[in-house]
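Written out below as structure tokens is the structure these notes cover.
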Amino acid sequence: MTLNLDVPWVEKYRPKDFDDIVSQNIVINNLKDFVMSGNMPHMIFTGPAGTGKTSTALIIAKSLLKGDHYYRDLLELNASDTVRMGYVRGVIKDFVNQNMIIGEKSLKIVILDEADNIPNQVQQALRRIIEKTSNQVKFILMCNYINRIIDPIISRCAVFRFVSLSKEMIIERLKYITKQEKLKIPGKSSEDFFETLFFISGGDLRKAINTLQSAVALELLENLDINEILKISGFVDKPTLNDLFEAILAMDFIRTKEILIEVENFDSRNFIRQIIGLLPKLKIEQKEIIYLYNFLGKIDYRISQGADEHIQILALMAEIINKMSK
Ligand SMILES: Nc1ncnc2c1ncn2[C@@H]1O[C@H](COP(=O)(O)OP(=O)(O)O)[C@@H](O)[C@H]1O
Ligand SMILES: [Mg+2]
């Protein structure tokens, strides 16, 4: 079996048509009307990562900009790089001004990804650009958190909310790719394999597809090594998680610490997700569970602010053991 792993599968299996976009029926039906009407508004696509925002924007561009125009009249930018924000602004300005200078009447589309990372002041500048451009230039802004976009921009755009994909949808898509790529997955563990990919993805289909492709590239499929897949994705393998569970159950903090120290490539964000899965299996009263969820949020915040991961996670372990019914 020869595999071509050069092409990222997220690109190879990117939806080509509105009908290939799954789970976003409300958005897609409304969009079809707008796009067909010939007078598309500026738009904001908002929602979690890997739910089809970029794919949808590219489909719109493809259907409106025919042939050469697709390359000439589409500008795709990522705003996450705030250092180059001045550059981004400059490029947008030049692009939208082309129409005014040569008096061209052809439609132009600007796709601006991760717009919620643009600092407020720069958003103000962007808003002025949007206001001033001719009717022939349409903006599609994409973001995970719409509350980070300033109101004057929101009010100039039609907002489309992309929803998380269900576990079934993600697994179905992975199975489809598995079939297309003629991958052999040992039958008895195949459900466990797809469940694990879904867990790792956290609902992000791009991540799920990338993990599948990495597993193939690293030849982890032949003797299907699910623990290795968890590890390369920055999660704790199942035996270790199980040991940890036993140690917490025995309220043995020292042992818990020993196990955690042994973990390589520790990723606290991922670890917290695995711990959340353990909580319901421990003997903890409901009100303490709610307390622990809040505490988890605090720990996550502190880590995001640069606190030492290991110390924070150990504090979390201690708190969990504390809250268990004696
Ligand atoms: N709703 C969807 N339907 C079909 N495929 C999807 C969908 N959402 C994501 N994907 C898959 O995940 C990959 C990333 O999607 P993308 O549109 O870039 O997500 P986003 O821009 O929302 O982060 C695509 O290549 C595609 O294969
Ligand atoms: Mg995207």
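Atoms considered below: every heavy atom in the structure, side chains included; atoms not considered: hydrogens, waters and symmetry mates. Counting convention: from 1, in listed order, for ligands and their atoms alike.
Listed by first and then second residue, the side chain to side chain donor-acceptor pair (under 3.5 Å) pairs involving residues 220-236 amount to none (not counting sequence neighbours). Evaluation of the side chain to side chain donor-acceptor pair (under 3.5 Å) test over residues 141-160, restricted to residues two or more places apart or in two chains, returns Glu131-Arg156.
Put simply, Ser55 stays out of reach of the Mg ion (ligand 2), with no N, O or S atom under 2.8 Å from it.
Considering only residues two or more places apart in sequence or on other chains, Asp19 meets the salt bridge (charged side-chain N to carboxylate O under 4.0 Å, His left out) condition with Lys32.
Partner Ile44 forms a side-chain contact (heavy atoms from CB on, under 4.5 Å) with one of Ile140, Leu141, Leu112 and no other, that one being Leu141.
Aromatic ring centres of Phe199 and Phe235: separated by under 6.0 Å.
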Identify all pairs of nitrogen or oxygen atoms, one from ligand 1 and one from the protein, separated by less than 3.5 Å, and list them with distances.
from	atom 1	to	atom 2	distance (Å)
ligand 1	1 (N)	Val22	O	2.8
ligand 1	1 (N)	Thr51	O	3.1
ligand 1	3 (N)	Val22	N	2.9
ligand 1	8 (N)	Thr51	O	3.3
ligand 1	8 (N)	Gly52	N	3.0
ligand 1	17 (O)	Thr54	N	3.4
ligand 1	17 (O)	Ser55	N	2.9
ligand 1	17 (O)	Ser55	OG	2.5
ligand 1	18 (O)	Arg14	NH1	3.2
ligand 1	18 (O)	Arg206	NH2	2.9
ligand 1	19 (O)	Gly52	N	3.3
ligand 1	21 (O)	Thr54	N	2.8
ligand 1	21 (O)	Thr54	OG1	2.8
ligand 1	22 (O)	Thr51	N	3.1
ligand 1	22 (O)	Gly52	N	3.1
ligand 1	22 (O)	Lys53	N	2.9
ligand 1	22 (O)	Lys53	NZ	2.8
ligand 1	23 (O)	Gly50	N	2.7
ligand 1	23 (O)	Arg206	NH2	2.9
ligand 1	25 (O)	Val10	O	2.4
ligand 1	27 (O)	Tyr13	O	3.1

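With no hydrogens or angles considered, a side-chain donor-acceptor pair links Glu181 and Tyr13 at under 3.5 Å.
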